[in-house]
Amino acid sequence: MRHHAEAFFAATESKSPEVLEPHLAPDVVMEAPLTVHGALEPVDTVTGKEALLAWVRTAAANFDRIRWRDQEFFAAGETVFVECGGDMTVAGTGEPYRNRYVFRFDVRDGLIRRVREYSNPVAVARLLEQLA
């Protein structure tokens, strides 16, 4: 199961969505449950393989550099958790963006069905201020 999560990180670092494509279920859902305004429902939800691949392309456009540091993987059954640091450079400004993450990957029938990205919403809010 770990290789599915590794494909996600490889695709984002290399800015190559095609690395991730064979690992995704057609109806995959990615969500970020922690929000900058404290909503209890995820407001950042991506549904479907093509939408998630577009999300990777958008991340590639928004950041000149994407690096995942200190990845720690834990797999239990068909679920993989990854704790890591993100070390990125904002495209156009060169400003650093760093955050801590926990990702949850749910895999069924050999494909990623759901991704949840938990990160520090304060760091995300500061990033959004830079981009505004």
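Only this structure's heavy atoms are used, side chains among them; waters, hydrogens and symmetry mates stay out.
Taking hydrophobic clusters as Ile, Leu, Val, Met, Phe, Trp and Tyr residues chained together by side-chain heavy-atom distances below 4.5 Å, Val29 does not share a cluster with Phe105. In the hydrophobic cluster analysis, where Ile, Leu, Val, Met, Phe, Trp and Tyr join through side-chain heavy atoms closer than 4.5 angstrom, Val56 is grouped apart from Leu111. Hydrophobic cluster membership differs between Val19 and Val82, with clusters built from Ile, Leu, Val, Met, Phe, Trp and Tyr side chains linked at under 4.5 angstrom. Transitive grouping of hydrophobic side chains (ILVMFWY, heavy atoms separated by less than 4.5 Å) brings Met1 and Ile112 into a common cluster. The cluster map of Ile, Leu, Val, Met, Phe, Trp and Tyr, joined by side-chain heavy atoms under 4.5 Å apart, puts Val115 and Tyr118 in different clusters.
Using a 4.0 Å cut-off between a side-chain N of Lys or Arg and a carboxylate O of Asp or Glu, Glu13 and Arg65 do not qualify as a salt bridge. By the 4.0 Å N-to-carboxylate-O rule, Glu31 lies close enough to Arg116 to be salt-bridged with it. Electrostatic pairing of Asp106 and Arg104 counts as a salt bridge here, judged by a charged N lying under 4.0 Å from a carboxylate O. For the pair Asp87 and Arg98, the salt-bridge criterion is met [side-chain N within less than 4.0 Å of a carboxylate O].
Screening Thr89, Ile66, Val90 against Tyr97 for a side chain to side chain contact (heavy atoms under 4.5 Å, CB included) leaves a single residue, Val90.
Although no hydrogens or angles enter the test, the distance criterion places a donor-acceptor pair under 3.5 Å between the side chain of Thr93 and the main chain of Glu95. Using a distance-only test at 3.5 Å, with no hydrogens or angles considered, no donor-acceptor pair links the side chain of Thr79 to the main chain of Gly77. Using modelled atom types, one side-chain atom of Lys15 and one backbone atom of Asp64 make a donor-acceptor pair closer than 3.5 Å.
Looking at every heavy atom in both residues, Val36 comes nearest to Pro121 through CG1-O, 3.3 Å. Nearest heavy atom pair, residue Phe9 against residue Cys84, reads CE2-SG, 4.1 Å. The two residues Ala123 and Asn99 have their closest heavy-atom pair at CB-ND2, 3.4 Å. Taking both residues in full, the closest heavy atoms of Val80 and Ala5 are given as CG1-CB, 4.0 Å, listed atom of the first, atom of the second, then distance. The nearest pair of heavy atoms linking Leu24 to Lys49 is O-CE, 3.1 Å. Taking every heavy atom of both residues into account, Ala91 and Ala61 meet most closely at CB-O, 3.4 Å.
Side-chain rings of Phe103 and Phe81 stay apart, their centers remaining 6.0 Å or farther from each other.
Partners of Arg57 according to the side-chain contact (heavy atoms from CB on, under 4.5 Å) rule, which considers only residues two or more places apart in sequence or in another chain, are Pro17, Leu53, Ala54.
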I would like to know whether Glu83 and Val102 meet side-chain contact (heavy atoms from CB on, under 4.5 Å); could you show each step before the answer?
CA-CA 4 Å; Glu83 181 180 349; Val102 173; 4.3 Å; yes
Using side-chain contact (heavy atoms from CB on, under 4.5 Å), reason through Asp27 and Arg113 one step at a time and then give a plain yes or no.
CA-CA 7 Å; Asp27 58 347; Arg113 303 290 174 164; 3.6 Å; yes
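Atom CH2 in Trp55 sits 9.5 Å away from atom CG in Leu20 (nearest 0.5 Å).
With a 4.5 Å cut-off on side-chain heavy atoms, Glu6 and Phe73 count as touching. Within the 4.5 Å cutoff, the side chain of Val122 has no heavy atoms near those of the Val124 side chain. Side-chain contact between Phe63 and Thr12: absent, with no pair of heavy atoms (C-beta onward) separated by less than 4.5 Å. Side-chain atoms of Arg67 and Met88, non-hydrogen and from C-beta on, never get closer than 4.5 Å to each other. Thr58 has its side chain within reach of Asn62: a pair of non-hydrogen atoms, C-beta onward, lies under 4.5 Å apart.
Contacts classified as ring pair (Phe, Tyr, Trp, His ring centres under 6.0 Å) and involving residues 12-53 (residues at least two apart or in different chains) are given here: His3-His23, His4-His23.
Annotation for Arg126: atom CZ does not count as buried by contact number, only 12 or fewer foreign heavy atoms lying within 6.0 Å.
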